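Predicted, not measured: the structure shown is a model, and the values here were computed from it.
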Amino acid sequence: MALVINTNLTALNSQRNLRKSEGPLNTAMQRLSSGLRINSAKDDAAGLAIATRMDAQVRGLSVAIRNANDGLSFAQTAEGAVSEMVSDVERIYELSVQSASYNTPQDRKSMDVEVKELISELDRVVTQTRFNGEQFLNKQVSWSYQVGTKVDETITLNTRNISPTALGVTTTYNQNFNESDVSKAAWSTYKGAMDESFGTDVKLNNVGLGGAIAGEDIKNSSKTIIDRVNKYTNETNVKAMSFGNALVGKDALAVASEGVAGQSGFMTVNGVAIGSFSKAQISDEEKAQIKQEVTSAEGDQIKAKQAELEANRDQITADFQKKVETGEIKRTDDQKGMSDKDVAGALADKYISNGGSDQTVNEKVQGVVAKRTAEAIAVVINDKSTETGIKAYVVSQSRLVLANTTGAGITLSVDESRFTSKTGDATKDVTLGFKTGANGDSVEGGKNGMIILSDKRFGVGTIQFGNDKTTSLFGYGMVTQNGDQANIQQKRETSDSIALSKKSVADLSIDTADNAKLTMMVSEEVLDVLNSFKSTIGAKMNRIESTVRNLDNVRENISAAKSRILDADFATETADMTKAMILHQAGISILAQSNSLPQSVLALLRT
C-alpha cells in the first residue's frame, strides 16, 4: 500500500467504526435511563402502535373498574335503604296481625299511631335516600355504568318507585262499607247459589277455579268461595278476604192470617230478645190500585183466560163448592143465608169474569203485606242493634238478612209459642224464613261475610268474572234492598267485571279489625315487592363484583403484554451497553493510533 499524507484511510475507517459503536451505546444508555425499550417510533414502529393501543385499553379498563365500583356503591346504597324499609313493613304486618285479633278500640288506636309513624318513616327513607345527590327510590330510574372499553359495554341498574303511595293492591274494599252492603253481598251470593252451583265455568281473570261446589255449601258460607279463590291466587293474581258477616233467611217471609202477630221475645238475636210485631195492613184503595194495574197490564190475557174458564165453569163451580163445604173458604156476611152451591156459583161467576186475575192480584197483595211485615220486623230487630251488634234488612220481596261489619258470629232463635193468630194456627200462618226452635239458625264468625277481592298488581283497575252467574256468586250481582236495585258498588246494571280502587301503603290503618286484615294483605304484597327488588339488586351486585374481577384480570394481562413490548429489559440492555462501551473505547484508541500513521513518512525524508 502507498504511503500518503493527505488521505489517512485507516483513520477514516476507524472513525466510521467508532460512529457505528456510538449508536448501540446511545440506544442502550437511553433505554436504561428511561426504562423503555421504545423511546421513539424509529425504535420499533409496529411495536409502538401495538403498545399504544394496549395502553389505551389498559387506561379504559382502569376507568371501567372505577365505574363498576361506583355502580356497586349505588347498589349497596339502594340495598341498605330497602332493607330498612323491609324491617318497617314487617313491623306494620306484625301490628296488623295483632290488631286483627280482639282488641279494645283504644288498643287499636295506640297500635295505629305506630303504624302511621312507620309509614312516615318509609316515606322519609324513599325521599331522603340519595346517591351523589340524586333521588332514585321515589321514581323509576335506569343508570348505565360503562364497564368495558367499547361502546355499549355497560351494566344497567334499574330502580322503581317504592314510595308508600306507589305500593299496595287494588281492591274492592271500601272503608265506607256498612251492614247494608254486607247484607246485599250476602244475598247476591245466596241468590247465585240458589240458581246454580259453583261450576267449572266460574272464572276470575279468565282463569278457571277448579271443580264444582254444591250450592248448599255456598249458602250462608261465602268462606267456601274465598278459600277457593285463594287457592288460585298465583294464577289469577287475586286474593280474597271476608268483611263482616251475615245470616240470610232460607225463605222469604210469608203471612197468611189477618190477625197474625209476634209477641215480645218471638225472636232472640245474639241472646237479646226482640220486640213484638203485627202483620202489616193494606187498604182497599191500594188493593183496587193493584187490581187496576194487573188488569191494565194483562188485559188481552184476561180476555183469553175468560173464554178458557167459561168452558170449564162446571168444574170451577164444583171446586169452589168443595172449599165452601170444608170451610176452606169462609162465607161473607152477605152469603150466610145462601146454600153452598149458590155461594160456589157466585164465586165462580166472579172468578170467571175476572179471567183468573184475582189470583194474580191476591199474590201481589200478599207480596206487599209480606214486604211491609218484614220491614216491621227489621225495625224491631234494629231497635236492639246496639245490644246485638246486628242490623236487619229486607231484600228481594220480603226476605230478611241479618248483618254486621265486625265479622262476629250471628245466632238467631224463633219462639213459635209467642206467635198469635185470630183465625188459625199461628205457626202455619207466619213463616219468617229462619229455623224455628231453641237451636234456631246461626252462622260462625267470618263465615259469610262480603267477599273482598284484591289484585296484587297495584294499578290494575278491574277483575273479570266472565259471566253474570259468577258476578252474583261473588256477591257483586244486582239485588233489591228496600225497593232499590243495585249492587254493592252502586251499579244499576249487571256487569261481568267489577271496579277496583287503589289501596296504597300510605292509606293503611289498623284502627278496625277489617282495616287490619286489609293491612295484613297489603303488607304481604309489599314485602314480596321489596324482597324481589332487593334480590334483583343483590344479583346485580354479584354481577358487578364478577365484572370487576374479570376487568382486573384483563387489565393485568394486557399490561403484561404491553410491558413486554414497551419496557426495557435491564439485563439485556446492561450487557449491550457494556459491549458498546468496550467497542467505543477500543475505537477511540485505534483512531488515535490511526491518526499517527502518516508520521512514518518523515522517516523516509530524514534519510
Taking atom CD of Glu114 and atom CD of Gln98, what is their separation to the nearest 0.5 Å?
9.0 Å
For Ile451 and Ser222, the nearest pair of non-hydrogen atoms, with its separation, is CG1-CB, 3.8 Å
Counting N and O atoms only, with roles assigned by atom type, does the side chain of Asn230 sit under 3.5 Å from a partner on the main chain of Ala240, one being a donor and the other an acceptor?
yes
Could you give me the CA-CA distance, side-chain angles and deciding distance for Phe458 and Val529, then say whether side chain to side chain contact (heavy atoms under 4.5 Å, CB included) is met?
CA-CA 10 Å; Phe458 190 60; Val529 171; over 6 Å; no
OG of Ser396 to CD of Gln481, rounded to nearest 0.5 Å, is 11.5 Å
Can a donor-acceptor pair be found, under 3.5 Å and without considering hydrogens, that links the side chain of Thr388 to the backbone of Asn270?
no
Side chains of Asn382 and Ser385: donor-acceptor distance under 3.5 Å anywhere?
no
Verify whether one side chain among Asp514 and Thr512 offers a donor that lies under 3.5 Å from an acceptor in the other.
no
Given side chains that start at C-beta, do those of Ile274 and Lys384 come closer than 4.5 Å, heavy atoms only?
yes
Would you say the side chains of Ser183 and Ser180 form a donor-acceptor pair under 3.5 Å?
no
Show the nearest heavy-atom pair for residues Arg108 and Ala513, with the distance to one decimal.
NH2-CB, 3.6 Å
Please tell me whether Ser83 and Lys534 have a donor and an acceptor in their side chains that are separated by less than 3.5 angstrom.
yes
Sequence-distant partners of Asp201, side chain to side chain donor-acceptor pair (under 3.5 Å), two or more places apart:
Lys469
Can you tell me how the ring of Phe243 sits relative to the ring of Tyr173, calling it parallel under 30°, perpendicular over 60° and tilted otherwise?
perpendicular
Please lay out, stage by stage, how Val126 and Met85 fare under the test side chain to side chain contact (heavy atoms under 4.5 Å, CB included).
CA-CA 9 Å; Val126 166; Met85 292 181 70; 3.6 Å; yes
Measure from the side-chain N and O atoms of Ser454 to the backbone N and O of Lys239, and report whether any donor-acceptor pair falls under 3.5 Å.
no
Any side-chain heavy-atom pair of Thr189 and Phe474 under 4.5 Å
no
Thr172 (side chain) donor-acceptor with Leu453 (main chain) under 3.5 angstrom:
yes
Main-chain N/O of Asn237 paired to Asn234 side chain as donor or acceptor, under 3.5 Å
no
Could you check whether any side-chain N or O of Ser188 sits under 3.5 Å from a backbone N or O of Lys184, counting only pairs where one atom can act as donor and the other as acceptor?
no
Check whether any side-chain heavy atom of Lys456 sits under 4.5 Å from a side-chain heavy atom of Met521, and report yes or no.
no
Just verifying a value: how many Å separate Asn174 CG and Ser501 OG, rounded to the nearest 0.5 Å?
6.5 Å
Heavy-atom closest pair (Ala246 atom, Val401 atom, distance to 0.1 Å) is CB-CG1, 4.3 Å
How long is the straight-line distance from CZ of Arg91 back to CG of Leu118, given to the nearest 0.5 Å?
7.5 Å
Measure across Ala185 and Met450 and return the closest heavy-atom pair with its distance rounded to 0.1 Å.
CB-CG, 3.7 Å
Is any NZ, NE, NH1 or NH2 atom of the basic residue among Asp415 and Arg418 found under 4.0 Å from an Asp or Glu carboxylate oxygen of the other?
yes
Are the side chains of Val182 and Asn245 in touch, meaning some heavy atoms are under 4.5 Å apart?
no
Sorted by chain and number, sequence neighbours left out, side chain to side chain contact (heavy atoms under 4.5 Å, CB included) with Asp441 holds for Leu247, Lys250, Phe434, Lys435
Walk me through it: do Asp112 and Lys109 pass the test salt bridge (Lys or Arg N to Asp or Glu O under 4.0 Å)?
CA-CA 5 Å; Asp112 193 51; Lys109 183 178 180 181; over 6 Å; no
Thr104 and Asp107: side-chain donor and acceptor closer than 3.5 Å?
yes
Answer yes or no: does atom CD of Gln175 have more than 12 heavy-atom neighbours from other residues, nucleotides or ligands under 6.0 Å?
no
Return the orientation label for the Phe465 and Tyr476 ring planes: parallel under 30°, perpendicular over 60°, tilted otherwise.
tilted
Would you please test Asn448 and Asn220 for side-chain hydrogen bond (donor to acceptor under 3.5 Å, both in side chains) and show each step?
CA-CA 5 Å; Asn448 194 42; Asn220 279 326; 3.2 Å; yes
Around atom NZ of Lys116, are there more than 12 heavy atoms of other residues, nucleotides or ligands at under 6.0 Å?
yes
Rounded at 0.5 Å granularity, tell me how far CD1 in Ile537 sits from OG in Ser532.
10.0 Å
Interatomic spacing from OG in Ser523 to CD in Glu94 - rounded to 0.5 Å
11.0 Å
Pairing of Arg372 and Glu375 as salt bridge, 4.0 angstrom limit:
no
Looking at side-chain heavy atoms only, is the closest gap between Arg124 and Leu122 below 4.5 Å?
no
Checking Thr129 side chain against Ala81 main chain: does a donor-acceptor pair fall under 3.5 Å?
no
Main-chain N/O of Ser242 paired with Lys517 side-chain donor or acceptor, under 3.5 Å
yes
Heavy-atom side-chain contact between Leu530 and Leu167 under 4.5 Å
yes
Before you tell me yes or no, could you show the steps for Leu527 and Val86 under side chain to side chain contact (heavy atoms under 4.5 Å, CB included), namely the whole-Å CA-CA distance, both residues' side-chain angles and the distance that decides it to 0.1 Å?
CA-CA 6 Å; Leu527 283 173; Val86 168; 4.1 Å; yes
Could you check whether Thr519 and Ser96, counting side-chain N and O atoms only, form a donor-acceptor pair closer than 3.5 Å?
no
Just by distance, with hydrogens left out, do Thr224 and Asp217 show a side-chain donor and acceptor under 3.5 Å apart?
no
Under the side chain to side chain contact (heavy atoms under 4.5 Å, CB included) rule, what do Lys503 and Leu518 come out as? Steps first, then yes or no, please.
CA-CA 9 Å; Lys503 191 72 173 179; Leu518 185 66; 3.4 Å; yes
Donor-acceptor contact below 3.5 Å, side chain Thr159 vs main chain Gln140:
no
Charged N to carboxylate O below 4.0 Å: is that the case for Glu444 and Lys223?
no
Looking only at heavy atoms, what is the nearest atom pair of Asn161 and Ser163, with distance?
OD1-OG, 2.8 Å
I'd like to know if the side chain of Thr471 pairs up with that of Asp468 as donor and acceptor (distance under 3.5 Å, no hydrogens or angles considered).
no
Which is it for Ser504 and Asp507 under the side-chain hydrogen bond (donor to acceptor under 3.5 Å, both in side chains) test, yes or no, and what are the steps along the way?
CA-CA 5 Å; Ser504 70; Asp507 301 323; 3.1 Å; yes
Are the side chains of Asn205 and Asp455 in contact, using a 4.5 Å heavy-atom criterion?
yes
Is any side-chain heavy atom of Arg399 closer than 4.5 Å to one of Val395?
yes
Minimal heavy-atom distance between Gln263 and Thr420, with the atoms involved, is NE2-CG2, 3.6 Å
Main-chain N/O of Leu253 paired with Ser398 side-chain donor or acceptor, under 3.5 Å
yes
